[in-house]
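What follows is one structure encoded as structure tokens, with my remarks underneath.
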Amino acid sequence: MIRYLGKRILFMIISLFLIITVTFFLMHSIPGGPFTSEKNVPDEIKKSLEAYYGIDKPIGEQYVDYLKRVITWDLGPSFSEKSSTVNDVINRGFPVSAHLGLQAIAIAITGGITLGVIAALRHNKWQDYSAMVIAVLGLSVPSFILAAFYQYFFAIKWGLFPIAKWETFEHTVLPSFALSALPMAFIARLTRSNMIEVLAQDYIKTAKAKGLNTIVITVKHAVRNALLPVITYLGPLTAGILTGTFVIERIFGVPGLGREFVLSITNRDYTVIMGTTVFYSIILIVMVLLVDIAYTIVDPRIKLSDAGKE
Amino acid sequence: MKKNVFVLMSSLVVLGTALAGCGGGQQAAEKPAAGGEQPAATPAAEAKPQVLKLNLHSEPPTADPGLAEDTTSGAIVRATFDGLTRTDESGHPANSAAESVEVSDDLMTYTFKLRDAKWSNGDPVTAKDFEFAWKRVLDPKTAANYAYQLYYIKNAEKANKGEAKLDDVGVKALDDKTLQVTLENPTPFFLELTSFYTYYPVNQKVVTADPKWAAEAKTHVGNGPFKMESWEHKNKLVLVKNENYWDKDVVKLEKIEFSMVEDENTELSMYENGEIDWAGAPLSALPTDAIPALKDSGKMTTQPIAGTYWYKFNVEKAPFNNVKIRKAFTYSIDRQSLIDNILQTGQLPATGAVPPSMELKSGGYFKDNDLETAKKLLEEGMKEEGLTKLPPITLSYNTSEGHKKIAEAIQDQWKKNLGIEVKLENKEWKVYLEDLHEGNFQIGRMGWLGDFNDPINFLELYKDKEGGNNDTNWENPKFKELLNQSALEKDPEKRKKILADAEAILMEDMPIAPIYFYTNSWVKKDEVKGVKVDGLGHVDYKWAYVE
């Protein structure tokens, strides 16, 4: 186990290094730079700006500098937000996005599994159809439409929740639900199809024959097996949702990290592009590792060792 | 069979939701007509709390006047700082931090006497703070993008480029209350400039002690009508009245709360729900789809601002190396119908380069939608070039719904009016800018917003072929000379005449096709009064109050 983990962590560092390298060179190959602007400034000012941010050096040198920065986790100043560093940007945005994301994941998991299980247990009955209609809607209605829809009914028409901004718990409700729709639908469908498969297996029949009631069969025997694919999906999902989503954050005025991923590219804000990418990659890689560990908890048959592969 | 029922049912539900969504949108758009009366109808309390709730749209990139270069930062800086002059309610620069100004006869030396005023932390505002602030902006180490705004001061440009010492710059605090400024050339609009934020002072003590002073509310120190109470980055910024402000008796507002919501539809919903007092320009924009309804409801205010939207011709690429062909393309645009049918927010058709607030010749230099002349010129131009058929022409713009609509309308007009097929091409913003600056285009869109209220702002762009914002590769020695002359002319009327001659040359050679002059549109609650948006689109809350 320890050996396995050590190996995994080594691979994680290598993939992180590859991500940084590819992003760095791709980013510099896009035409236009952080100081390309509608109001072109005199060359001298541009030069002093470039010197200030250290992008006048040869690209190889910048790359080495950047690798050093990642190791010390000092991600440099932001180009577009002159008074902040990339560390500030991440430290401010991530807690907000993570808060919103955790609420959304909680809703998605509970809602999705419940819907999926109900649909499987009442396969081809009206409960199944209703659950799957909800799931199809969640998958096919884009989040910005859903968000506007929630705002219109819950905030403007019925005045139950504020329209936007990020202050109290009430402010977090609508964006959490809007954010959870897609993963909830996905989890519901995954759970349903797996449950249907599991429920048809012999050991469930045996359990039924033993006279166990439906609740025990479902909770103890069926759900556990049906959840493996859901867990696989949860890894990348968590990484994606915790680091924020552009559309939901924009519509609800949430000061999260999601906007930085998109806007930094438009602004050619080199340091923020790198910072957010590295940060996201770290979370993603860690999540994937956690998922692998979680398998062993859910299914004791899975063992984490590299013995079998060799 | 069962499966079919399921498919039918789910598609019906999806369709139903989509339709419900559309209906919701319409209702939301119609709402201001009905809902607009409500705030006025609620019984007015004896004294309304003097609090303004606004949306700042996005996080201000900085609250440091020396580094600010955008509308959002500008609004915060203007509220929390005070320049030597401040644009007053009538739109003219009036003494503010300065008590009096003495101008030498040659318009080259300005001596400002400062008022007794204090910074928000209690320190006195001195002439040294001004000197420090301006030299700081010019210091190449500060890396201030807007340093060129100070180039009117003697040796400022050289110092900024590292060719002269900062000590040689023509700004000097003679004593605590006297600031002497020496200029490079006579500059009749210098008092306009001193009301611009790059010319604002900063507190020397605070700035030297903490380089990150402008990043947080706690350490932010200004000399303006308001001071920063709190700043939750990307979420909320609160300004309160500054009791140390010299003109505090005029400031009625106790508090301004800015939220930072980037989505324009959300902003409008918040306004309609009464959560904010103002939606739209100058800090944000109204959603394009909602504009016709808002306009019909009569609640929308539209005001021209000093900006021109134009198409640039690359005069080094055929067929636009021919002036007659350039003119034919320019004359055949029907600006009025474009504004009425596509833009719909009361823009003014542009038949000159300089916007109305600094107008040099009223009525412009050519007739809008002049098809006859256009056709004739096109024919002559093609003959001159020995062409029977025009080479393929591409009109470029940066990717955006608004620019696309305009380009498509003009593409259609050219096809109908001149029988010319033009291809459209759009590129991502920074890629587009780079292409334009490098001359990789035939016709390209661009807009220009004035920094201060003087025509030189717009004419100077086309002075040098290599000038960073020319893009058209056009140059004219006569035009250049007139601009140089205007910089030396002391009599404002004569200067205006020189500049008008220059604009006439620009419109005669037509390296650009002016399309329209920009406007700002917004909706606000009736009880909000005194918010001043000047001709440049700068917003000032100093005189604002709630009735």
Side-chain angles (χ1 to χ4, degrees), chain A residues 30-33 35-53 78 80-84 88-89 92-93 96 124 129 132-133 136-137 140-141 145 148-149 151-153 155-157 159 162-167 249-256 259 266-268, chain B residues 2 6 9-10 13-14 17-18 20-21 24-25 27-28 31 59 61-64 67 69 140-148 157 160-162 212 214-215 232-236 259-263 265-267 269-270 272-273 275 428-431 433-435 437 446-448 467-469:
Chain A
I30 331 175
F35 307 121
T36 314
S37 96
E38 200 169 10
K39 301 202 170 178
N40 221 356
V41 296
D43 282 344
E44 289 75 12
I45 297 188
K46 213 175 225 174
K47 268 185 209 128
S48 62
L49 280 167
E50 282 172 355
Y52 180 80
Y53 287 102
S78 159
S80 57
E81 263 175 66
K82 295 176 196 65
S83 45
S84 306
D88 291 338
V89 169
R92 273 182 222 136
V96 175
N124 281 346
Y129 295 139
M132 283 309 108
V133 166
V136 168
L137 281 181
S140 50
V141 177
I145 291 189
F149 188 75
Q151 277 184 337
Y152 181 66
F153 282 103
I156 300 175
K157 271 226 142 153
I163 298 178
K165 291 209 285 195
W166 186 257
E167 278 161 12
E249 286 181 2
R250 191 182 157 91
I251 294 181
F252 288 103
V254 177
R259 68 188 287 282
T266 322
N267 294 334
R268 304 285 190 277
Chain B
K2 261 188 174 172
F6 174 70
M9 192 169 84
S10 44
V13 172
V14 172
T17 328
Q27 279 171 36
K31 223 186 154 197
E59 160 93 355
T62 179
D64 181 337
L67 298 179
E69 52 181 279
K141 280 200 240 62
T142 313
N145 216 342
Y146 260 20
Y148 66 87
E157 187 168 358
N160 190 227
K161 294 180 175 173
K212 295 196 79 180
E232 289 169 42
H233 292 277
K234 299 205 176 110
N235 195 22
K236 198 174 174 188
S259 37
M260 300 176 200
V261 174
E262 293 190 342
D263 191 78
N265 284 302
T266 306
E267 183 192 86
S269 301
M270 287 170 79
E272 283 166 4
N273 231 23
E275 291 178 30
E428 192 263 353
W429 178 227
K430 295 239 170 177
V431 178
L433 280 172
E434 196 120 306
D435 273 358
H437 291 332
M446 194 50 96
W448 190 260
N469 294 304

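Chain naming here is simple, since letters A, B, ... match the order of the sequence lines and numbering starts at 1 in each. Only this structure's heavy atoms are used, side chains among them; waters, hydrogens and symmetry mates stay out.
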Is chain B contacted by the side chain of A/Ser78, its backbone, both, or neither, given a heavy-atom distance below 4.5 Å? neither
Under the side chain to side chain contact (heavy atoms under 4.5 Å, CB included) rule, collect the residues that match up with B/Asn145, sequence neighbours excluded. A/Val41, A/Ile45, A/Leu49, B/Glu69
Side chains of A/Phe149 and A/Val141, heavy atoms from C-beta outward: is any pair under 4.5 Å? no
To the nearest 0.5 angstrom, please state how far the CG atom of B/Leu67 sits from the OG1 atom of B/Thr142. 7.5 Å
Toward chain B, the part of A/Thr36 with a non-hydrogen atom under 4.5 Å: both
Can you tell which of B/Val261, B/Thr62, B/Asn235 has the highest number of heavy-atom pairs within less than 4.5 Å of chain A? B/Asn235
Measuring from A/Arg268:CZ to A/Ser37:OG, what's the distance to the nearest 0.5 Å? 13.0 Å
Top contributor to chain A contacts, counting heavy-atom pairs under 4.5 Å, from B/Met446, B/Glu157, B/Glu275: B/Glu275
Picking from A/Glu249, A/Arg92, A/Glu167, A/Lys46, which has the most non-hydrogen pairs under 4.5 angstrom with chain B? A/Arg92
If you look at every heavy atom in A/Ile163 and A/Gln151, which pair is closest and at what distance? O-NE2, 3.3 Å
Greatest number of heavy atom pairs closer than 4.5 Å to chain A - which of B/Met270, B/Met260, B/Lys212, B/His437: B/His437
In terms of heavy-atom proximity below 4.5 Å to chain A, should B/Glu59 be classed as side chain, backbone, both, or neither? side chain
Can you list everything that forms a salt bridge (Lys or Arg N to Asp or Glu O under 4.0 Å) with B/Glu267? Sequence neighbours excluded, please. none
Would you say A/Tyr53 has more than 12 foreign heavy atoms packed within less than 6.0 Å of its OH? yes
When the 4.5 angstrom heavy-atom criterion is applied to B/Glu428 and chain A, the contacting part is side chain
What part of B/Lys161 lies closer than 4.5 angstrom to a heavy atom of chain A: side chain, backbone, both or neither? both
Counting only N and O atoms by type, is there a donor-acceptor contact under 3.5 Å from the side chain of B/His233 to the main-chain atoms of B/Ala215? yes
When every non-hydrogen atom of A/Ser83 is compared with those of B/Pro61, the smallest separation belongs to OG-O, 3.4 Å
Is B/Lys141 in contact with chain A via its backbone, its side chain, both, or neither, using a 4.5 Å heavy-atom distance? backbone
If you count heavy-atom pairs under 4.5 Å with chain B, which of A/Lys47, A/Glu50, A/Lys82 comes out on top? A/Lys82
Between B/Asn469, B/Asp435, B/Asn160, B/Leu433, which residue shows the highest count of heavy-atom pairs closer than 4.5 Å to chain A? B/Asn469
What distance do A/Ile145 atom CD1 and A/Leu137 atom CG have between them, rounded to the nearest 0.5 Å? 11.5 Å
Under 4.5 Å from a heavy atom of chain B, the part of A/Asp43 involved: neither
Find the one option among B/Gly447, B/Ala63, B/Ala214, B/Gly162 whose heavy-atom pairs under 4.5 Å with chain A are most numerous. B/Gly447
I'd like to verify something: which residue of B/Lys236, B/Glu232, B/Lys430 has the highest number of heavy-atom pairs under 4.5 Å with chain A? B/Lys430
